[in-house]
Amino acid sequence: MEKIIIFDTTLRDGEQAPGASMNSFQKLEVAAQLEKLGVDIIEAGFPVASPGDFAAVSAIAKLIKKAGVCGLARCIDKDIEYAGRAVKKARHPRIHLFLATSRIHLKYKFKKAEDEIASIARGSIRQARKFCCDIEFSPEDATRTEKYFLYRMIELAINEGCRTINIPDTVGYSYPQEIYSLITDIRNNVPNIDKAILAIHCHNDLGLATANSLSAVLAGARQVHCTVNGIGERAGNASLEEVVMAMKTRKDVFGDFYTDIHTKEIFRTSRLVSKLTDFIVPPNKAIVGANAFAHESGIHQDAVLKKRITYEIMDPHDVGIAESQLILGKHSGRHAFRERLKSLGFWLNEEQLNKAFGRFKEVADKKKAIFDDDLRAIVEDEIRLAKPLWQLNSFEVTSGTKIKPEATVALIKKSKNISGTSFGDGPVDACFKAIDKITGYKAKLEDFRLEAVTSGKDALGRVSLKLKIKNSIISGRGASTDIIEAAVRAYLDAVNKLKTK
Ligand code: KIV
Ligand code: ZN
């Protein structure tokens, strides 16, 4: 098996993402976590960019025990000196030199000829080697560079002692087959290529960074540049978690390779980087998004409960997520509903389950996600009385600042629909009076409390009340996304208890 070296550039290219900058303390925290994650090289920053970056790279160099620590430098003396000094104290220091080689960059950015570029690279590599023996060279915009010139630059860099040659797809322009051919061509056309490790550095402008990186591995690249959560310049870089998990999951394709990443640290690392950079992980982000292991469709939930691999290609534990989540919502089926109730300690018989499931579907139509507290409220509502005498069929209320509140409530008693209409001081009072007209009780409201079961505008409201009927104080509870319905249900709950006393 061959090792794929994971070169993490979260703290350099990742931090170049607009708005993602971190202070030195935050960078140290990320670096320590990257070491736990098991990355091989930490590109800790661009030391010449600012005193803060220099300080952060120097501090990381001192802190990190196992991984290599790398500083980025242009082919400019001052950059090289700063990078060399910043990584000096690292156990495994590295300087990453880059110089653009594509015609577009030569013509518009440098206004220099190929020979001049070659000579600048040669001089800079020689200078960098005075600071450290591990030099990585990147011909920037390699994927848009004329091949003959790219081969020439790579050969030169290796002859000057660079141990790693990185191929950047700087503008994220390539697609996987192209990357495969490019790496293959480099291996076949650069005479001294066996003396260096080939690396790949892909940007995600076309959403192909992970695919391109994997293609490079299959063609012979042995180091992958990536960032946690795929953050980076513009659309970002290849995401570490995607590259690593793709290789681990698709053993049929990548069985000859391994990485030293402790995948169980992936989720924790992702959340740390997200927290410190203020870059929210989109819910549908592969591997680490909140929905990556969440199933809402009833068909999927049912199958996952029977056998996880039906709809999950990875075990969430492998990336440090406690378990897959079955999100209960309007697409959920009875199987998932019953399992979740069991986990909450409700063991319902078939009849109770049917009733609770019916109620759950009604609520799910109005509310995006059903939380455990919602479920408790629904189930407690439904199973409190096995066979209530009065059941709610429907209600209608008119209310407002300029009209007297009026309610019509329809109840079912022994399969018969009975309705009543009444005015009231408010919509809830009107409903209660309409119910009294149907049941014939004269109930007095002794206590009324309303609370939100969960948070959010669509939270379930739970009403707890006490009624005085025929000298008995009876309590009732009801829950619904509609607080008037919750009150009506609570009222009926109390009334039904009286009847069964
Ligand atoms: O994208 C790029 O080309 C880079 C270089 C510095 C390697 O980040
Ligand atoms: Zn980059």
Side-chain angles (χ1 to χ4, degrees), residues 5-18 20-21 39 41-49 53 57 68-76 79-80 82-83 86-87 94-106 108-110 117 120-121 124-125 128 134-145 149-150 153-154 157 162-174 178-179 182-183 186 196-210 212-213 216 221 223-240 242-243 277:
I5 300 163
I6 297 296
F7 178 106
D8 181 276
T9 182
T10 307
L11 295 172
R12 198 277 298 170
D13 219 337
E15 210 219 3
Q16 278 174 228
S21 64
V39 307
I41 298 142
I42 297 172
E43 186 165 48
F46 189 12
V48 83
D53 236 31
V57 177
V69 176
C70 174
L72 181 72
R74 289 168 295 183
C75 284
I76 294 176
D79 282 39
I80 296 167
Y82 273 64
V87 298
R94 176 180 291 193
I95 296 176
H96 177 194
L97 278 181
F98 74 102
L99 183 63
T101 50
S102 67
R103 266 206 193 138
I104 302 174
H105 281 240
L106 263 58
Y108 298 106
K109 193 167 91 175
F110 294 139
I117 293 293
I120 291 170
S124 293
I125 297 167
D134 185 358
I135 311 295
E136 174 162 343
F137 179 73
S138 287
E140 190 191 8
D141 206 16
T143 52
R144 293 193 301 172
T145 298
F149 187 53
L150 185 62
M153 290 297 288
I154 296 173
C162 291
R163 292 181 181 176
T164 305
I165 299 295
N166 177 42
I167 305 300
D169 185 23
T170 303
V171 289
Y173 182 70
S174 301
E178 255 174 0
I179 290 284
L182 180 62
I183 299 293
I186 290 170
I197 289 169
L198 257 180
I200 186 76
H201 176 109
C202 295
H203 278 272
N204 205 29
D205 299 67
L206 294 174
L208 294 170
T210 299
N212 284 340
S213 306
Q223 177 180 290
V224 177
H225 282 215
C226 43
T227 61
V228 175
N229 299 336
I231 61 168
E233 190 79 44
R234 303 182 310 280
N237 289 59
S239 124
L240 180 148
E242 292 173 15
V243 170
T277 56

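Predicted model, so just to flag it, every value in this text is computed and none were measured. Both counts, for ligands and for their atoms, begin at 1 and track the order of listing.
Each of the following atoms of ligand 1 lies closer than 4.0 Å to a heavy atom of F98: 6 (C). The D13 neighbourhood of ligand 1 comprises atoms 8 (O), with distances under 4.0 Å to a heavy atom of that residue. Shown in contact with E140 at under 4.0 Å from a heavy atom are these atoms of ligand 1, numbered in order with element: 3 (O). Within ligand 1, the atoms closer than 4.0 Å to a non-hydrogen atom of S138 are 7 (C), numbered from 1 in the order shown. Counting the atoms of ligand 1 from 1 in the order shown, those under 4.0 Å from a heavy atom of H203 are 1 (O).
What sits closest to atom 4 (C) of ligand 1 on the protein, heavy atoms only, is H201 NE2, 3.5 Å. The shortest contact between atom 5 (C) of ligand 1 and any protein heavy atom is with R12 NH2, 4.0 Å. The nearest protein atom to atom 3 (O) of ligand 1, hydrogens excluded, is given as T170 OG1, 2.7 Å; this is a heavy-atom distance.
Which of H96, E233, E136 comes nearest to atom 7 (C) of ligand 1 through a heavy atom is settled by distance: it is H96.
With respect to F98, the side chain to side chain contact (heavy atoms under 4.5 Å, CB included) criterion is satisfied by exactly one of H201, R74, E136: R74. Each of D13, T9, N229, D169 was compared with N237 under the side chain to side chain donor-acceptor pair (under 3.5 Å) criterion, and only D13 meets it.
For ligand 1, the polar-atom distance check against D141 finds no nitrogen or oxygen pair separated by under 3.5 Å.
One N or O on the side chain of N212 and one on the backbone of S174 form a donor-acceptor pair closer than 3.5 Å. For the pair H203 (side chain) and G236 (backbone), a donor-acceptor distance under 3.5 Å is present. Listed for the T145 side chain is a donor-acceptor partner under 3.5 Å among the backbone atoms of S102. A donor-acceptor distance shorter than 3.5 angstrom exists from the side chain of N204 to the backbone of A209, with no hydrogens or angles considered. The backbone N or O of G14 lies less than 3.5 Å from no partner atom in the side chain of T10, so there is not a single donor-acceptor pair.
When the shell of 6.0 Å around OH of Y82 is examined, it contains 12 or fewer heavy atoms from other residues, nucleotides or ligands.
Ring planes of H225 and F7: parallel class, angle under 30° (limits at 30 and 60°).
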Kindly indicate, with the supporting measurements, whether the criterion side-chain contact (heavy atoms from CB on, under 4.5 Å) is fulfilled by L106 and F149. CA-CA 12 Å; L106 263 58; F149 187 53; 4.2 Å; yes
What verdict does the side-chain contact (heavy atoms from CB on, under 4.5 Å) test give for E140 and T101, after you've listed the backbone C-alpha separation in whole Å, the side-chain angles of each residue and the deciding distance to 0.1 Å? CA-CA 6 Å; E140 190 191 8; T101 50; 6.0 Å; no
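Around the Zn ion (ligand 2), protein N, O or S atoms at less than 2.8 Å number 3.
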